[in-house]
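Structure first, then comments.
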Amino acid sequence: LLLEGMPVSIVTDPNLPEEDVDGILQAWVWNSEFLVNLEMVKRGAATPYFPNGTRGAFDQRLLNAARKAKAAGRGLWGACLAAELNVNRPVHTGRD
């Protein structure tokens, strides 16, 4: 519902490879109101992940938003108490 019916723009970051090691596009998703990637992190619906230490244009904003979401227990941070914020690896919720 975050983007339902809204046009978006997909923008790659010149600081990042276009695809990650799994061949997944690394891009910023914008709508007319906000940076979707950042909004998801603020809601606790996503976490920042900087594979191999590679950082993009919004890395510090993403990290700050994740810290705030975790402290507030929003989204996955409230639902998965074992989850750790570590930007060097994908988040693990403690459930296999």
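Counting from 1, the numbers follow the sequence of the chain as shown.
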Show me the side-chain donor-acceptor pairs of residues 81-88 shorter than 3.5 Å, one per line, residues at least two apart or across chains.
residue : atom : partner : partner atom : Å
Glu84   : OE1  : Arg89   : NH2          : 3.4
Asn86   : OD1  : Asn88   : N            : 2.9

Counterpart residues, side-chain hydrogen bond (donor to acceptor under 3.5 Å, both in side chains), relative to Arg67 (two or more places apart): none
Under the side-chain hydrogen bond (donor to acceptor under 3.5 Å, both in side chains) test, which residues partner Gln60, sequence neighbours left out? Asn64
State whether the number of non-hydrogen atoms from other residues, nucleotides or ligands found under 6.0 Å of Glu19 atom CD is greater than 12. yes
Which pairs count as ring pair (Phe, Tyr, Trp, His ring centres under 6.0 Å) when at least one residue sits in residues 60-86, sequence neighbours excluded? none
Can you pull the ring pair (Phe, Tyr, Trp, His ring centres under 6.0 Å) pairs that have at least one residue in residues 3-27, sequence neighbours excluded? none
Contacts under 3.5 angstrom, residues 10-17 side chains, donor-acceptor by atom type, not counting sequence neighbours:
residue : atom : partner : partner atom : Å
Asp13   : OD1  : Asn15   : N            : 2.7
Asp13   : OD1  : Asn15   : ND2          : 3.3
Asp13   : OD2  : Trp28   : NE1          : 3.0
Asp13   : OD2  : Ala57   : N            : 2.6

Please check if Val91 and Leu62 belong to a single hydrophobic cluster, counting links between Ile, Leu, Val, Met, Phe, Trp and Tyr side chain heavy atoms closer than 4.5 Å. no
Are Val8 and Leu25 grouped together when hydrophobic residues (ILVMFWY) are joined by side-chain heavy atoms under 4.5 angstrom apart? yes
Give me the other members of the hydrophobic cluster that Ile24 sits in, counting Ile, Leu, Val, Met, Phe, Trp and Tyr linked by side-chain heavy atoms under 4.5 Å, directly or via other members. none
Salt bridge (Lys or Arg N to Asp or Glu O under 4.0 Å) partners of residues 44-63, not counting sequence neighbours, each pair once: Arg55-Asp59
Show the atom names and distances, to 0.1 Å, of all donor-acceptor pairs under 3.5 Å that link a side chain in residues 36-51 to residues at least two apart or in another chain.
residue : atom : partner : partner atom : Å
Asn37   : OD1  : Val29   : N            : 2.7
Asn37   : ND2  : Ala27   : O            : 3.1
Glu39   : OE2  : Arg43   : NE           : 2.9

